[in-house]
Amino acid sequence: MIILGATIASCQDRASRQQTSTSNQADCRTVEHEAGQTQICGQPERIVVLGPYILESLLALDEQPVAYADYYAFHPKDYDNPSQQISYLGHLIKESIANVGTAEKPSLEAIIKVEPDLIIGSTANKSQYETLSQIAPTILFERKTPETTLRGVAQAVNRSEQAEQLLTETKQRMTAARKSFAPIVKAHPQLLLLSSSKLQRIDLITSYFNCASVIEDLGFQLVSPPEIKDSQTSRLHPISIEILPELNNADSVILLGYNFSELEATDNFNAHQLSKLKQAWSNNAIAQSLDASKAGRVYFIPTYICAGLPGAIGTKLYLEELEQQLLPP
């Protein structure tokens with residue numbers, strides 16, 4: 001602990017000298033974020049990102065990290081082959097990067113080792129904010145506000161113009177998708193949105209990041225019992241499988257699957273997240289009794305895409321999955 005404290009103090013001195021040196025060039029900006037305000041000077045070149053949705057924003061802006069912390073410990077070592085080791089985003093990383101633990105509990109020692117000049121994390125890192133800020137300028141963002149996150153990250157790395165272009169492109173993509181989905185929405189407007197791993201626990205979704213908002217933006221109406229529809233206290237509502245026949249007015253069902261209890265390398269990540277859920281659904285008599293099942297309008301998508309990546313890249317991936325599965329060839 002003494003060694004760690006001394007190292008942090010050294011990092012703080014180095015960061016202070018860098019900020020003072022760069023400040024003389026009048027190239028500083030103050031970034032507002034969930035933990036306050038942070039001054040960032042110059043162009044950050046050694047960026048540590050804590051969480052996939054932070055990585056998503058950085059990569060969407062064509063910036064590269066030197067270190068990364070995923071939600072789960074999918075990969076125990078450094079990312080020497082990111083395209084195979086980081087789901088959905090790894091192919092956008094050009095070189096090997098360090099692994100600094102998990103997003104909510106990053107390794108301070110590993111972060112210090114890469115000598116960052118910027119750390120970007122989430123509200124889950126608020127308790128560590130003071131310590132992280134002693135290592136390098138630190139900014140934190142909330143996952144449920146992807147536009148704010150993108151704009152904040154863009155300001156930190158001098159990419160604000162590119163961020164606005166990305167936001168415009170995402171809106172244009174949604175507008176085009178609404179037109180493509182209009183015939184499907186007209187024919188089958190009622191959609192039941194569920195999240196589960198193996199049907200042992202089922203959550204009915206009424207509002208949950210992009211998972212619900214994109215579906216509603218396309219024009220679908222989310223099906224839910226009256227007592228849940230009127231509830232404003234939660235976004236995920238646990239239900240039993242015995243309730244499903246009461247929701248049989250749904251024309252279609254989307255099941256957002258996940259399997260994080262059995263962590264493995266990210267090869268075939270989609271299949272790993274969905275295989276047990278697909279099997280459980282096909283083997284369950286109640287699930288198969290639904291009209292949507294009989295009509296072949298049950299679709300499976302990894303929860304990670306819409307909940308873990310709520311920004312521009314995740315929205316594009318989610319729309320592609322929906323288009324591939326719901327639209328006719």
Side-chain angles (χ1 to χ4, degrees), residues 8 11-71 89 92-93 97-98 100 103-104 106 108 111-112 114-170 209 308-315:
I8 289 176
C11 289
Q12 192 174 19
D13 289 342
R14 184 182 69 250
S16 177
R17 288 195 301 273
Q18 289 174 340
Q19 292 286 84
T20 301
S21 172
T22 314
S23 296
N24 294 333
Q25 301 173 20
D27 184 19
C28 295
R29 53 241 177 248
T30 300
V31 179
E32 293 190 10
H33 56 97
E34 293 294 330
Q37 296 181 335
T38 296
Q39 187 181 65
I40 298 172
C41 296
Q43 182 65 40
E45 295 179 351
R46 301 190 60 78
I47 305 170
V48 171
V49 288
L50 308 178
Y53 84 98
I54 301 296
L55 181 63
E56 174 188 25
S57 291
L58 191 71
L59 293 173
L61 295 165
D62 295 323
E63 291 290 328
Q64 295 287 307
V66 296
Y68 170 59
D70 207 334
Y71 286 139
L89 302 173
L92 298 172
I93 299 175
I97 61 174
V100 291
E104 292 190 10
L108 297 177
I111 292 174
I112 289 169
V114 300
E115 299 184 348
D117 51 20
L118 176 63
I119 300 170
I120 314 177
S122 74
T123 49
N125 304 115
K126 273 192 172 181
S127 63
Q128 305 141 348
Y129 177 69
E130 234 178 88
T131 303
L132 291 171
S133 296
Q134 293 177 47
I135 299 171
T138 300
I139 50 179
L140 307 181
F141 296 100
E142 171 62 62
R143 184 158 48 128
K144 65 183 179 183
T145 56
E147 290 191 9
T148 300
T149 299
L150 180 65
R151 286 190 170 110
V153 172
Q155 186 185 2
V157 299
N158 279 320
R159 295 277 190 173
S160 293
E161 187 176 334
Q162 189 167 344
E164 296 308 315
Q165 179 63 29
L166 276 168
L167 293 173
T168 298
E169 289 172 1
T170 299
F209 302 110
L309 304 173
I313 295 175
T315 299

Show your reasoning for whether side-chain contact (heavy atoms from CB on, under 4.5 Å) applies to Ile54 and Ser57.
CA-CA 5 Å; Ile54 301 296; Ser57 291; 5.9 Å; no
With Ala163, which residues qualify under side-chain contact (heavy atoms from CB on, under 4.5 Å), at least two apart?
Leu61, Leu150, Ala154
When rounded to the nearest 0.5 angstrom, what is the spacing between CZ in Phe209 and OG1 in Thr145?
9.5 Å
What residues, two or more places apart in sequence or in another chain, satisfy side-chain contact (heavy atoms from CB on, under 4.5 Å) together with Ala67?
Val48, Ala98, Val100, Val114
Rounded at 0.5 Å granularity, tell me how far CD1 in Ile135 sits from CD in Glu130.
12.5 Å
How far apart are the closest heavy atoms of Tyr68 and Pro52, and which atoms are they?
OH-CG, 3.3 Å
With sequence neighbours excluded, tell me which residues meet side chain to side chain donor-acceptor pair (under 3.5 Å) with Gln155.
none
Spatial distance of atom CG (Leu166) from atom CG (Asp62) [nearest 0.5 Å]:
8.0 Å
With sequence neighbours left out, what residues match Gln64 under side-chain contact (heavy atoms from CB on, under 4.5 Å)?
Leu59, Ile93, Lys94
What closest approach, in Å, do Gly308 and Tyr71 show between heavy atoms, and which atom pair accounts for it?
O-OH, 3.4 Å
Compare all side-chain heavy atoms of Pro146 with those of Phe141 and state whether any distance is below 4.5 angstrom.
no
Short question: side chain of Tyr53, backbone of Gly314 - any donor-acceptor pair under 3.5 Å?
no
side-chain contact (heavy atoms from CB on, under 4.5 Å) partners for Ala156, two or more places apart
Val31, Ile40, Leu118, Ile139
Just wondering, do Ser122 and Arg143 contact through their side chains at under 4.5 Å, heavy atoms?
no
Are any non-hydrogen side-chain atoms of Leu132 and Leu108 less than 4.5 angstrom apart?
yes
Output all residues satisfying side chain to side chain donor-acceptor pair (under 3.5 Å) with Thr138, sequence neighbours left out; order by chain, then residue number.
none
How long is the span from the CD atom in Gln128 to the CD atom in Glu104, to the nearest 0.5 Å?
8.5 Å
At their closest point, which heavy atom of Thr38 faces which heavy atom of Pro137, and how far apart are they?
CG2-CB, 3.9 Å
Do Asn125 and Pro106 have side-chain heavy atoms sitting under 4.5 Å apart?
yes
Counting distance only, does the side-chain N/O of Asp117 pair as donor-acceptor with the main-chain N or O of Arg46 below 3.5 Å?
yes
Test: salt bridge (charged side-chain N to carboxylate O under 4.0 Å, His left out). Region: residues 150-170. Which pairs qualify, not counting sequence neighbours?
Glu63-Arg159, Glu147-Arg151, Arg151-Glu164
Quick one: which of Leu55, Val66, Ile97 gives a side-chain contact (heavy atoms from CB on, under 4.5 Å) with Val49?
Leu55
Quick one: list whatever passes ring pair (Phe, Tyr, Trp, His ring centres under 6.0 Å) with Tyr129, sequence neighbours left out.
His33
Sidechain-backbone polar pair: Glu56 side chain, Ile313 backbone, donor-acceptor under 3.5 Å
yes
Spacing of CD belonging to Glu34 relative to OG1 belonging to Thr149, to within rounding of 0.5 Å:
8.0 Å
Output all residues satisfying side chain to side chain donor-acceptor pair (under 3.5 Å) with Thr123, sequence neighbours left out; order by chain, then residue number.
Glu142
Spacing of OG1 belonging to Thr170 relative to CD belonging to Gln165, to within rounding of 0.5 Å:
10.0 Å
Can you see which heavy atom on Ala60 is nearest to which on Gln162, and at what distance?
O-NE2, 3.6 Å
